[in-house]
There are 2 protein chains.
Amino acid sequence: MFNPTRQIAAIPLFSGLSREQYEALSRIGVRRSSAKNERIFSEGDEGTGFYVVLAGRVKISKISAEGKEQILHFFGPGECFGEVSVFTGQGFPADAVTAAQTTLLFFPRTSFVSLIRNDPALALNMLAQLSRRLRHFAGLIEDLSLKEVPGRLAKYLLYLSGRDGDAGAVELDISKGQLASLLGTIPETLSRILAKMNRQGLIRSRGAQIQLLDRASLEEIALEGKKLP
Amino acid sequence: MFNPTRQIAAIPLFSGLSREQYEALSRIGVRRSSAKNERIFSEGDEGTGFYVVLAGRVKISKISAEGKEQILHFFGPGECFGEVSVFTGQGFPADAVTAAQTTLLFFPRTSFVSLIRNDPALALNMLAQLSRRLRHFAGLIEDLSLKEVPGRLAKYLLYLSGRDGDAGAVELDISKGQLASLLGTIPETLSRILAKMNRQGLIRSRGAQIQLLDRASLEEIALEGKKLP
DNA sequence: AAAGCGCTTTGACATAAGTCAAAGAAATGT
DNA sequence: ACATTTCTTTGACTTATGTCAAAGCGCTTT
């Protein structure tokens, strides 16, 4: 059987707390499992609490006035989302949908706030977490506003290859359409840029498998804004 | 003479605290005055603390690889900046430069953290503040990625007219070049769009004075992504 | 006034990226 | 295995926005 306290200790948001604190948290956390493509909440819904991903993946996105979807982020195991609404008391600012079979832990707003009200250490952890998130957004803004699509794609590929550890090959874990939206563009444009990068010998892609052949050039495109010819 | 405690009580970040808490804060806060266009910190500088604007205005911006400036935000009286580095312990993620004669209050990292470590209420205030900022960024991302420049400009004009309260006339408080950067574009494009909005009868602009003539159409452009012909 | 400087506007042009449409490929259900 | 749907790729075209260059305007300084 699973051990709630141990699972909570593995969540970065709650790292470094005492045994009693973990137990208090596991008492107020509510477990919830969802199949793929189930909706967790919608933009505008009242924020009654926040979620931690135990297993699986959750997609956070917004729908524009013209009906296009802009994916803001994917959250995986150990990451939390929806905390902002806990403290602002407003509705959720975006949609959340599972991108795979997913297990979540839900922390209701009222019980969590009363917990934090007595516990500076817990609050400090959350502050650091929110700060990191804020930094991430600042980077995202920079990406969207200062770089063109090939740069964003190059950066994403390098990010994936760094995380996967191995030297050259990368496996996309989302569809190309979703990747396009995550990069702030559309599938056609992404497809053309991938084809071009293949032609230039920067990558070698077959389906979701992508080998990075010329990391140096990719870095020039991602970091220095160099254009791909 | 000025009253430090009263000034601190007027800062939203610290609203609702006790007299003792205000006094503790005013003991660790360091006052600093700067003329216009003075640099507070640069991207990458070590974050030794954070700032609160008492008077004046501070511009937060990043320089892209190609050397273009993207303005992220302006902070005015009562607002704070640099807090993220206090909790992440990393360097500042952007540049900060005064946009006018400005008075700041500086809170050194170490003393502030030890203060917060003993005070859940103070931590909760900060959490709410960071959450609000996070929400703001989510909106900014949406703007940059989902809307074209006329939409962003229309939104900004409506925002200004809403804040200024009065019905129709708006006075730009930054140069058009700066406004262009804030909207993620360049002065030429901004100029053309203003000219077009004048031609369409949406606004009437002379220099930094802009009258909003057709608020309904501006809202369509800002919120529904309608194009201006 | 004149001169000089920065900001703004305008024009001609280049290009990245979106739209529309259709064909291919891959995944899914029956 | 087939049919159906969804995802991906490709092509022709449009458009918004950036680049480069020059002229205009408003400001301060002499």
Side-chain angles (χ1 to χ4, degrees), chain A residues 35-37 59 64-71 99-100 143-154 171-200 203-210 221-222 225-229, chain B residues 36-37 59 64-71 99 143-154 171-200 203-210 221-222 225-229:
Chain A
K36 185 174 175 177
N37 288 327
K59 176 181 77 177
S64 76
E66 302 104 60
K68 275 188 302 185
E69 176 188 45
Q70 161 78 28
I71 297 176
D143 291 351
L144 284 171
S145 64
L146 301 180
K147 267 199 288 281
E148 17 197 62
V149 181
R152 290 178 238 155
L153 174 59
E171 165 111 28
L172 295 182
D173 48 357
I174 52 179
S175 81
K176 290 185 180 171
Q178 301 247 299
L179 175 57
S181 166
L182 191 59
L183 298 177
T185 184
I186 56 174
E188 292 96 317
T189 297
L190 175 61
S191 186
R192 286 184 238 270
I193 292 171
L194 279 171
K196 206 187 242 179
M197 284 183 169
N198 269 296
R199 251 179 280 128
Q200 306 294 326
I203 62 173
R204 175 127 180 62
S205 75
R206 272 200 324 281
Q209 300 283 343
I210 299 180
I221 293 169
K226 209 189 115 188
K227 320 233 178 216
L228 82 161
Chain B
K36 185 174 175 176
N37 288 328
K59 177 181 76 176
S64 75
E66 302 103 60
K68 276 187 302 186
E69 177 188 45
Q70 161 77 29
I71 298 176
D143 291 351
L144 283 171
S145 63
L146 301 178
K147 267 200 288 281
E148 18 199 58
V149 183
R152 291 178 237 155
L153 173 59
E171 165 111 27
L172 295 182
D173 49 358
I174 53 179
S175 82
K176 290 184 179 170
Q178 301 247 302
L179 175 56
S181 166
L182 191 59
L183 298 177
T185 185
I186 55 174
E188 293 96 317
T189 298
L190 175 61
S191 185
R192 285 183 238 272
I193 292 171
L194 279 171
K196 205 186 241 179
M197 285 184 168
N198 269 297
R199 249 178 281 128
Q200 305 296 326
I203 61 174
R204 176 125 177 63
S205 76
R206 273 201 323 281
Q209 299 282 344
I210 299 180
I221 292 168
K226 209 188 118 189
K227 321 233 178 219
L228 82 160

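Naming convention: chains lettered A, B, ... in sequence-line order (proteins, then strands); numbering from 1 in each chain. All values below were derived from every heavy atom in this structure, side-chain atoms included, with hydrogens, water molecules and symmetry-related copies excluded.
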### Task
Give a yes/no on whether any side-chain N or O of A:T185 is located under 4.0 angstrom from OP1 or OP2 of C:dA17.
no
### Task
Measure from the side chain of A:E188, starting at C-beta and using heavy atoms only, and say which of C:dA17, C:dT19, D:dT8 lies closest.
C:dT19
### Donor-acceptor under 3.5 Å (B:N198 side chain, B:S205 main chain)
yes
#### Entry: Among D:dT9, C:dG18, D:dA16, the nucleotide that comes nearest once only the side chain of A:P187 is considered
D:dT9
#### Entry: Among A:I221, A:L183, A:L190, the one residue meeting side-chain contact (heavy atoms from CB on, under 4.5 Å) with A:P150
A:I221
### Message
Donor-acceptor pair, distance only, cut-off 3.5 Å: does the side chain of A:K226 make one with the backbone of A:G151?
### Response
no
### Message
Tell me whether B:T185 contacts the main-chain N or O of B:A180 through its side chain, where contact means a donor paired with an acceptor under 3.5 Å.
### Response
no
### Query
Roughly, in whole Å, what's the span from CD in A:E148 to C1' in C:dA14?
13 Å
### Task
Using atom CG of B:L179 as one end and atom C1' of C:dT8 as the other, report the distance to the nearest whole Å.
13 Å
### Query
Should B:K59 and B:E69 count as an ion pair when the cut-off is N to O under 4.0 Å?
yes
### Query
Over how many whole Å does the gap from A:R206 atom CZ to D:dT8 atom P extend?
17 Å
### Query
How bent is the helix from C:dA1-D:dT30 to C:dT30-D:dA1, comparing axes over its five end pairs at each side, to the nearest 10°?
40°
### Query
Of the nucleotides C:dT8, D:dG18, C:dT10, which has the atom closest to the B:A195 side chain?
C:dT10
### Query
Which atoms form the tightest heavy-atom contact between A:M197 and A:L153, and what is the distance?
SD-CD2, 3.9 Å
### Message
Expressed as a whole number of angstroms, how long is the span from B:L194:CG to C:dT8:P?
### Response
10 Å
### Query
Please give, in whole Å, the distance from C:dG6 P to B:K176 NZ?
19 Å
#### Entry: Nearest-neighbour nucleotide for the B:I186 side chain, C:dA16, D:dT19, C:dG18 considered
D:dT19
#### Entry: Whole-Å distance separating the CD1 atom of B:I193 from the P atom of D:dA16
10 Å
### Query
Please give, in whole Å, the distance from C:dG11 P to B:K196 NZ?
13 Å
### Query
Is any side-chain N or O of A:T189 closer than 4.0 Å to OP1 or OP2 of C:dA17?
no
### Task
Please state how far atom CD in B:E69 lies from atom P in C:dC7, giving the value in whole angstrom units.
12 Å
### Task
Assess whether one donor atom and one acceptor atom, taken from the side chain of A:R192 and the base of C:dT19, lie less than 3.5 Å apart.
yes
#### Entry: Steps toward side-chain contact (heavy atoms from CB on, under 4.5 Å) verdict (A:L179, A:L172)
CA-CA 9 Å; A:L179 175 57; A:L172 295 182; 4.1 Å; yes
